[in-house]
Amino acid sequence: MSSIAAHPPGEGDAGSSAGSAAEGGGYNPSMYELLKTIDDPAQLRALDRKELPRLADELRAYVLESVARTGGHLSSNLGTIELTIALHYVFDTPEDRIVWDVGHQTYPHKILTGRRESMARLRMLDGISGFPRRSESKYDTFGTAHSSTSISAALGMAVAAKAKGEKRHAIAVIGDGAMSAGMAFEAMNNAGAMDARLLVVLNDNEMSISPPVGALTNYLARLLSGRIYASARRASEHLLKRVPGVWALARRAEEHVKGMVTPSTLFEEFGFNYIGPIDGHDLDALIPTLQNIRKLEGPQFLHVVTRKGQGYKLAEDDPIAYHGPGTFDPAEGLKKTSGGKPTYSQIFGDWLCDMAAMEPRLMAITPAMREGSGMVKYSEQFPERYFDVGIAEQHAVTFAAGLAAEGLRPVVAIYSTFLQRGYDQLIHDVAIQRLPVLFALDRGGVVGGDGATHNGAFDYAFLRTVPNMVVMAPSDENECRQMLYTGLQLDGPASVRYPRGSGPGVAITKDMKAVPVGKAEVRRTGKRIALLAFGAMLKPALAAGEALDATVVNMRFVKPLDIDLLRSVAAAHDLLVTVEEHQVMGGAGSAVAEALSFSEKKILILGLPDRFIDHGDQAKLLASVGLDAAGIESSIRKALSE
């Protein structure tokens, strides 16, 4: 097995310094000689097939070096090196469309499609995205970042090509995790009934490459993807269907034989021709199989087995730790850090363990976000009360509703951006029935490198409009813990929304005490101006309040609002300013304006603008939209001068 030790390339230099690749191959791509000749897939397709393993070594080393320098997704990208090369080598991209599910495995694709040097500013402000983006490249045929959309999108493209009389292929590359979502199966059910040039590539990186996935299985995949086999199968089907009972018997026999070496039955029942599984790191297996598939008509399903972190031993051994690392030295790997402020995700995880020890009815649910949501310790301490339902947000919410209907106390740990996918269930299955489900909303507000697809910019708006919901916005670590406790005590649905990363550093009280629902608190008394801060915006609001000698209120609740305090503050000040890390339209400031609609008081609403906020450093992004202390102060002074 190859391994890599690397040194980051200089910004703007495609390969100014390289490390060694390939313990076993003996090739050291010291200057990326082959890779730096590839600026588009046409140049890749001009290579001799014998050169592709060398290109794979260089590409793997370059991905490692780039991510080590900028941070980003690593394990998934190291696992798709050969698959990416094979797809671009066999198919006529961008005429043939490739849709990458989620898209966090597309760094090799970006490098091979003209963005090699742009990797130096991956996920940075004004740099390239960590996900496919249509505006970034013609090779990014469909923007992704949330899972399980690829088959639907690729099917739409395949049907569009057929409707326009264009002969091209549409390829969806989807991981085994994303295949757990209902949307993927909805798309497959639809695709199987259509005669479209659709190829679904299942990138299975959870299985080990077991004995059946070797020379024999690779040979069978090439055989089953060949036109001779496909033509013979169609001819025999036509003939045997004329004889009652014989076709059904033959079909069962074929499934039995194929089923001995392939898990084909499920996908063929959807109407796909199943091929595989094959080794996704074996170019000599991938390329001829894809070349055969390209000649076939109708929906095809290719099952490839890959390994996360392939070629970098540290990532192979711990693909989760290297899923989305920050910057690191590839020679030394990630270093465990101690001390520092805990993240909100860690605070939630600690609360969950403490609360579960006190409350036997507590059940915790996550849609495949155990590590990101801080639930590892809980899953180990309370495995019988921990449920990872896979990438299935709709199911997660209704599953929680079922638990609540039977008297249990479910907590759904979910990112703000992913709760959008379970919104109907939140309304229909939870809120209408007033079931006590607590939503722990992580990644509220601007998230940084993942950008617009992952920003939690809409949850205040879509939650506060739902009857029976309590919407909480903690301003610091301790308040987050107390609000989680509060939400679990309520007899109806509630949400606690907190940002990515760490808080202001407030000491955490282990004792838990319920926060009075719908009650705000005045944190600073001043003159003329009153700042009404929601959630994490309290810290910059206090700083701006000091500079302006303004009153500052920690609102704490988006719903219900503290109407009595609002009216009191409005009566005593000339200008009210709401501050939130959320879209201005429909957010907490809008709620305040609605509540004070009887008043003629001037209200300045500060929040995220009516556009999607791109990727970049969180602090810089907030400053760019005026949500740091200086920006808040400047906006208020401008409003006072008008």
Side-chain angles (χ1 to χ4, degrees), residues 8-9 11 59-60 62-81 83-84 98-150 153 173-175 177-178 203 205 308-309 312 315 319-328 330 334 368-369 371-372 391 415-418 442-443 445-457 500-501 612-621:
E11 184 173 335
L59 183 55
R60 179 165 278 112
Y62 195 84
V63 166
L64 174 59
E65 295 179 2
S66 297
V67 176
R69 185 179 187 278
T70 65
H73 293 98
L74 182 63
S75 297
S76 55
N77 283 287
L78 293 177
T80 57
I81 299 290
L83 178 59
T84 304
I98 302 177
V99 181
W100 301 89
D101 208 281
V102 182
H104 63 323
Q105 76 284 55
T106 55
Y107 299 176
H109 160 81
K110 287 174 180 276
I111 293 167
L112 294 174
T113 55
R115 288 166 278 181
R116 183 179 63 251
E117 296 188 11
S118 298
M119 289 293 290
R121 292 197 57 77
L122 176 73
R123 292 159 47 98
M124 298 181 189
L125 195 61
D126 300 322
I128 62 172
S129 171
F131 301 100
R133 177 175 287 188
R134 282 168 56 86
S135 61
E136 189 176 290
S137 170
K138 63 183 178 180
Y139 293 96
D140 291 1
T141 61
F142 197 79
T144 55
H146 290 191
S147 83
S148 315
T149 63
S150 62
V173 184
I174 184 169
N203 176 31
N205 52 34
K308 288 182 178 179
Y312 182 49
I320 293 175
Y322 287 87
H323 171 72
T327 58
F328 66 99
L334 297 175
M369 299 303 296
E371 287 76 21
I391 302 175
Y415 292 5
S416 168
T417 187
F418 296 141
D442 205 334
R443 270 63 167 181
V446 173
V447 297
D450 286 338
T453 56
H454 284 63
N455 288 331
R500 181 176 188 171
F612 292 107
I613 306 299
D614 218 339
H615 51 267
D617 177 80
Q618 281 176 275
K620 290 180 180 178
L621 289 173

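All values derive from a computational prediction rather than experimental measurement.
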Subject >> Backbone of Q105 reached by a side-chain donor or acceptor of T80 within 3.5 Å >> reply: yes
Original post:
Between I81 and P108, what is the shortest heavy-atom contact and its length?
Top reply: CD1-CG, 3.6 Å
Original post:
At their closest point, which heavy atom of I174 faces which heavy atom of S148, and how far apart are they?
Top reply: CD1-CA, 4.4 Å
**OP:** Could I get the full list of side-chain hydrogen bond (donor to acceptor under 3.5 Å, both in side chains) partners for H146, not counting sequence neighbours?
**Re:** T417
**OP:** State, to 0.1 Å, how close F328 and P325 come at their nearest heavy-atom pair, and which atoms those are.
**Re:** CE2-CG, 3.9 Å
Subject >> Which residues share a side-chain hydrogen bond (donor to acceptor under 3.5 Å, both in side chains) with S416, sequence neighbours left out >> reply: D459
Original post:
If you measure from OG on S147 to CD1 on I391, what distance do you get to the nearest 0.5 Å?
Top reply: 4.0 Å
**OP:** Would you please test H73 and L122 for side-chain contact (heavy atoms from CB on, under 4.5 Å) and show each step?
**Re:** CA-CA 10 Å; H73 293 98; L122 176 73; over 6 Å; no
Original post:
Within the side chain of R60, is there an N or O that forms a donor-acceptor pair under 3.5 Å with the backbone of L78?
Top reply: yes
Subject >> Polar side-chain atom of T144 near backbone of W100 as donor-acceptor pair, under 3.5 Å >> reply: yes
**OP:** Begin from the C-alpha positions of M124 and T70 and carry the test side-chain contact (heavy atoms from CB on, under 4.5 Å) through to its verdict.
**Re:** CA-CA 8 Å; M124 298 181 189; T70 65; 3.8 Å; yes
Subject >> N77 (side chain) donor-acceptor with H104 (main chain) under 3.5 angstrom >> reply: yes
**OP:** Indicate yes or no for a side-chain donor-acceptor contact from K110 to the backbone of S129 under 3.5 Å, with no hydrogens or angles considered.
**Re:** yes
**OP:** Apply side-chain hydrogen bond (donor to acceptor under 3.5 Å, both in side chains) to D101 and list each qualifying residue two or more places apart in sequence or on a separate chain.
**Re:** S150
Subject >> Considering all heavy atoms, the nearest A153-V99 contact >> reply: CB-CG1, 4.3 Å
**OP:** Locate the shortest heavy-atom distance separating G71 from T327; write the atom from each residue and the value.
**Re:** N-CG2, 3.9 Å
Original post:
So, R123 side chain and G130 main chain: donor-acceptor pair closer than 3.5 Å or not?
Top reply: no
Subject >> Euclidean distance, L59 CG relative to L64 CG, rounded to 0.5 Å >> reply: 11.5 Å
**OP:** Begin with the C-alpha distance, continue with both residues' side-chain angles, and end with the deciding distance and a verdict on side-chain contact (heavy atoms from CB on, under 4.5 Å) for F131 and D450.
**Re:** CA-CA 8 Å; F131 301 100; D450 286 338; 3.8 Å; yes
Subject >> Pairwise distance CG(N203) to NZ(K308) - rounded to 0.5 angstrom >> reply: 9.0 Å
Subject >> Residue list, ring-ring contact (aromatic ring centres under 6.0 Å, His included) with H615, at least two apart or on another chain >> reply: none
**OP:** Would you please classify the geometry between the Y139 ring and the H109 ring as parallel, tilted or perpendicular, with 30° and 60° separating the classes?
**Re:** perpendicular
**OP:** Apply side-chain hydrogen bond (donor to acceptor under 3.5 Å, both in side chains) to Y415 and list each qualifying residue two or more places apart in sequence or on a separate chain.
**Re:** R443
Original post:
Where the side chain of R121 meets the backbone of L125, is there a donor-acceptor pair that is under 3.5 Å apart?
Top reply: yes
Original post:
How would you list, by chain and number, every residue that makes a salt bridge (Lys or Arg N to Asp or Glu O under 4.0 Å) with R115, sequence neighbours excluded?
Top reply: E136, D140
Subject >> Under 3.5 Å: donor-acceptor pair, side chain of Y312, backbone of L74 >> reply: no
Original post:
Is Y107 reaching over with its side chain to a backbone N or O of M119, donor-acceptor style, under 3.5 angstrom?
Top reply: no
**OP:** Identify the heavy atoms of G448 and N455 that sit nearest to each other, and give their distance.
**Re:** N-OD1, 4.4 Å
